[in-house]
There are 2 protein chains.
Amino acid sequence: MITLAEENYLKAILSISLNFDGKVSTNAIAGEIGTTAASVSDMLKKLQDKKLVKYKKYKGVSLTKKGNSFATSVIRKHRLWETFLVNNLNFDWGEVHDVAEQLEHIKSEELVDRLDTFLDCPKFDPHGEPIPAKDGKIPTTNTIPLNKLSEGTNGKVMGVTLDEKPFLDYLTKLNISIGTEIKLLEKIPFDQSISIKIVNTKQHISNDVAKHLLIKTN
Amino acid sequence: MITLAEENYLKAILSISLNFDGKVSTNAIAGEIGTTAASVSDMLKKLQDKKLVKYKKYKGVSLTKKGNSFATSVIRKHRLWETFLVNNLNFDWGEVHDVAEQLEHIKSEELVDRLDTFLDCPKFDPHGEPIPAKDGKIPTTNTIPLNKLSEGTNGKVMGVTLDEKPFLDYLTKLNISIGTEIKLLEKIPFDQSISIKIVNTKQHISNDVAKHLLIKTN
DNA sequence: AAAAAAGTTTAGACATGTCTAAAAATTAAG
DNA sequence: CTTAATTTTTAGACATGTCTAAACTTTTTT
Ligand SMILES: [Mn+2]
Ligand SMILES: [Mn+2]
Ligand SMILES: [Mn+2]
Ligand SMILES: [Mn+2]
């Protein structure tokens, strides 16, 4: 049996390895989970024993096929629950992450399958993040982070890569949500901040915000 | 913060005290939870410290107002989730208990409130058991266990007081579900087993089965 | 009222998961 | 290439929750 703590570590390792490639460092995991490097070292040994990760002391860690499968399943559950909470229980997209962190650990294959069916097998969650299918396949998109676009480009917001409430509340305040049409007007070299146009209003946002907005260009 | 284990103990104490009255014994709790008397003693001290129970060594335990409120809330969540699983995810009434045992521990008042609204504030769960309201009030019914009825009485099955799969599967096999019309034909003094009529078929069931069927007489 | 049985609590151990502080290894600087 | 800074691991402690075995209370029998 895999424990709740183990699931969270596997999920963290997968999340990190999706952004950067190569082996995942102890510190990176500690940062993601909000724990100490010492705890991570302890846990990596246990995950190694269970053949969920490949781990060499001081050399970082990667998921085994089995570990990747568990991690993907947790993310699948997380995003299906978030979809349920927003679509059916009328939660705001900024309020669902913490509850989904709990729901993702409920153990019942049957439950996940039926929830998936109930929701009509959604491909993306309320933040536009892809929901892995039962077989582990993750839907792809041809989107680019807003900060990588060139000046003058038009596009549509397809997703966000951060689902913390303060960030999502700020987006809502800026009138940005999934589907919003955006035009990149100007990039400021000094701080990489950018000017954008949203439904005829001009706004200015930091690079930190822009990099978490996934855009599909027209 | 109240832990998952503590919630299960409080729920067990409430369940027991609903059936029998007076103080709840250590052994009864151990039996209900499926643990040892030693573990129960340990936990009762902790619950005492948190003012969730009133406990005197060797003299049994009872819930404080605070403890009762937590226990009731756990039962409310359990039954709301069971209702969701049966009504919306098309689970059979015998398949939901174990999953609900997990879901009942998800921490979010907002979630419970919204789930309740989503389900149209149901008063009874799929097994006919009353769902406590947000304020803790438990819907009442004027029902009697089938084994307490006298011969010749007609009535309708309003609920079951056991939700283990083998029992519920057996009921399904007997064509008994919530709403089924039943007539008590004969009580056998030797073993308290009884003969019943269900939609023109005669059946014979043990006292053990009959005592878990709640009947509303016509 | 003493002895036996049943019920309950304590003592000691163990598993899981976490933390701080210290030691060891790796990487970056000088 | 040696020292310094950073990263990672180990050692030791602690909290939670569980268990078995032994001790203690209460209840039941004789
Ligand atoms: Mn999330
Ligand atoms: Mn989690
Ligand atoms: Mn149940
Ligand atoms: Mn439970």
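From a predicted model like this one, the values you see are computed outputs, not experimental measurements. For the numbers below, each heavy atom of this structure counts, side chains included, while hydrogens, waters and symmetry mates do not. In what follows, every chain begins at residue 1, and chains take the letters A, B, ... in the order their sequences are listed.
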What's the CD1-C1' distance between A/Ile33 and C/dC19, to the nearest Å? 15 Å
Aromatic ring centroids of A/Phe84 and B/Phe84 under 6.0 Å? yes
How would you list, by chain and number, every residue that makes a ring pair (Phe, Tyr, Trp, His ring centres under 6.0 Å) with A/Tyr170, sequence neighbours excluded? none
Between protein and nucleotides 25-27 of chain C, what N or O pairs are separated by less than 3.5 Å?
{"from": "C/dA25", "atom 1": "O4'", "to": "A/Tyr58", "atom 2": "OH", "distance (Å)": "3.3"}

Neighbour count >12 (heavy atoms, 6.0 Å) for atom NZ, B/Lys54: no
With heavy-atom distances below 4.5 Å as the criterion, would you say the side chains of B/Val99 and A/Ile106 are in contact? yes
Can you sort out which residues in residues 38-45 of chain B have a heavy atom within less than 4.0 Å of DNA chain D? Ascending by number, please. B/Ala38, B/Ser39, B/Asp42
Nearest-Å distance, OH (A/Tyr55) to P (D/dT7)? 16 Å
Where along residues 18-31 of chain A does a heavy atom fall under 4.0 Å from DNA chain D? A/Ser25, A/Thr26, A/Asn27
Send over the distance from A/Met1 CE to D/dT18 P, rounded to a whole Å. 15 Å
Aromatic ring centroids of B/His97 and B/His78 under 6.0 Å? yes
Rounded interatomic separation in angstrom, taking CG from B/Leu47 and C1' from D/dT16: 13 Å
Cationic N near anionic O, under 4.0 Å, A/Lys107 to A/Glu7: yes
So that I can tick it off, tell me whether B/Asp113 and B/Lys134 are bridged by a salt bridge, with the cut-off set at under 4.0 angstrom between side-chain N and carboxylate O. yes
Salt bridge or not for B/Glu101 and B/Lys11, using N-O below 4.0 Å? yes
Gap between atoms OH and P, on A/Tyr9 and C/dT16 respectively (whole Å): 15 Å
Salt bridge (charged side-chain N to carboxylate O under 4.0 Å, His left out) partners of B/Lys165, counting only residues at least two apart: B/Asp169
For D/dT16, take OP1 and OP2 only and decide whether either is under 4.0 Å from a side-chain N or O of B/Thr3. no
Can you figure out which of C/dT16, D/dT18, D/dT20 approaches the side chain of A/Lys46 most closely? C/dT16
Let me know the distance between NZ of B/Lys50 and C1' of D/dT16, rounded to the nearest Å. 10 Å
In terms of side-chain geometry, is the basic nitrogen of B/Glu104 or B/Arg76 positioned less than 4.0 Å from the acidic oxygen of its partner? no
Side-chain donor-acceptor distances from residues 28-40 of chain A under 3.5 Å, at least two apart:
{"from": "A/Thr36", "atom 1": "OG1", "to": "A/Ser39", "atom 2": "N", "distance (Å)": "3.2"}
{"from": "A/Thr36", "atom 1": "OG1", "to": "A/Ser39", "atom 2": "OG", "distance (Å)": "3.0"}

